[in-house]
Amino acid sequence: MPEGNVIHNQARRLRTRFRGKQIAVDSPQGRFASDAERIDGRTLEKVEAHGKHLFMKFGDLWVHVHLGLFGKWRIGKGEAPEPRGQIRMRLRGADGYAELRGPTVCELLDEDSKKAAVARIGPDPIKKSDPTPAWERVERSSAPIGGLLMDQRVFAGVGNIYRAEVLFRHNISPYRPGKRVSRGEFDAIWDDLVLLMAQGTKKGRIDTVRPEHLPEIMGRRARKDRHGGEVYVYRRTGQPCHLCEAEVQMAEMGGRKLYWCPGCQPE
DNA sequence: GCCATATGGAAAG
DNA sequence: TTTCCCTATGGCA
């Protein structure tokens, strides 16, 4: 259940363990079996992350993986254990193994298709991309900024947690149309995403609460949530805002749950 | 055991 | 806008 920070972290781990080595590729579950055969035994030359997409180069073919909501990697040292459950793709090298479960996408692409797939992905804060294309989309869009942040063609790698939290940190209502976001606000959001997502990649969790607010929330923190980090509004529906005592709101936007504080982020 | 839920996105209508 | 896909997990009975 990953946002871009997780994907970049996994790319680094896969790179460390497998790059430059001969890899046995198979599909214990079977759904990737015929593709796996085509690259089985080849050398893994590159591992790239673009937003939430992962690409692995095996000669003239790329494996394209998108974890979606359910996908998971399990990466380990030494001999691979007996397959358990649904393993779509398995990599085994001299140094360890990796199991891929439940991805939305696991496919083979040739060089051109890979390039086209990358081209569809917007600027990625973790790669410190040039945000200009994102600004151009936001500036002339009447869609709500809360939706634009989740649009991977606009902001690559941003997911539901970063979307909610970055808008809170800048006191912007998720319902405000993109065209009503000023250049100054956009720049502040982008710079903040660069910082937050780099941190999230390094730490393996998403913390968005500013240090000066930490003492205030320690006293009344609800039970630890699964995502594990300290946040202002994500999944805190009905609880008091850490800063203004208004109740955190939740609504559906584009089929995903949106969280915000009506006090700190007025429309 | 059963049900709801999950950091996502494409396809169908 | 809704439906569907993919898998695991936590809360509950």
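Letters go in sequence order (proteins before strands), and every chain restarts at 1. Just so you know, these numbers use all the heavy atoms, side chains as well, and skip hydrogens, waters and symmetry mates.
- One atom, CD of Gln152(A), and another, P of dG9(B), lie 4 Å apart when rounded to the nearest Å.
- As rounded to whole Å, 15 Å separates atom C1' of dT7(C) from atom CH2 of Trp73(A).
- Here dG8(B) presents its P atom at 16 Å from CG of Leu54(A), a figure rounded to the nearest Å.
- Using P as the reference atom, dA10(B) and dA8(C) are 23 Å apart when rounded to the nearest Å.
- At whole-Å resolution of the value, NE2 in His66(A) and C1' in dG8(B) are 6 Å apart.
- If you run side-chain hydrogen bond (donor to acceptor under 3.5 Å, both in side chains) between Asp124(A) and each of Gln152(A), Lys52(A), His53(A), His8(A), only His8(A) comes through.
- Side chain to side chain, Glu48(A) and His50(A) meet the donor-acceptor criterion of an N or O pair below 3.5 Å.
- Rounded to an integer number of Å, the gap from Leu149(A) CG to dT7(B) P is 16 Å.
- More than 12 heavy atoms of other shown residues, nucleotides or ligands fall within 6.0 angstrom of atom NZ in Lys203(A).
- Checking Phe168(A), Tyr259(A), Tyr162(A) one by one against Tyr232(A), the ring pair (Phe, Tyr, Trp, His ring centres under 6.0 Å) holds for a single residue, Phe168(A).
- Using modelled atom types and a 3.5 Å distance limit, the side chains of Glu111(A) and Trp62(A) yield a donor-acceptor pair.
- You'll find that the side chain of Gln29(A) is closest to dT7(C), out of dT7(C), dT7(B), dG9(B).
- The phosphate of dT7(B) has neither OP1 nor OP2 within less than 4.0 Å of any side-chain N or O from Tyr162(A).
- A donor-acceptor pair under 3.5 Å is formed between the side chain of Glu3(A) and the backbone N or O of Gly159(A).
- Distance CZ (Arg74(A)) to P (dA8(C)): 11 Å, rounded to an integer number of Å.
- Applying the 4.0 Å criterion to OP1 and OP2 of dA6(B), one finds that Arg235(A) has a side-chain N or O inside that range.
- Taking every heavy atom of residues 97-107 of chain A and every atom of DNA chain C, pairs under 4.0 Å involve Arg101(A), Gly102(A), by number.
- The phosphate of dA6(B) has neither OP1 nor OP2 within less than 4.0 Å of any side-chain N or O from Lys72(A).
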message: Between Gln86(A) and Arg101(A), is the side chain to side chain donor-acceptor pair (under 3.5 Å) condition met? List the steps.
response: CA-CA 6 Å; Gln86(A) 300 292 311; Arg101(A) 295 163 198 276; over 6 Å; no
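- Rounded to a whole Å, the CG atom of Leu193(A) is 17 Å from the P atom of dT7(B).
- Backbone-only contact: Arg31(A) has heavy atoms under 4.0 Å from sugar-phosphate atoms and none from a base.
- At the phosphate of dG9(B), neither OP1 nor OP2 sits under 4.0 Å from any side-chain N or O atom of Arg256(A).
- One can place NE2 of His64(A) at 9 Å from P of dA10(B), the figure rounded to the nearest angstrom.
- Remark: Lys52(A) is in phosphate contact with dG9(B), judged by side-chain N or O atoms under 4.0 Å from OP1 or OP2.
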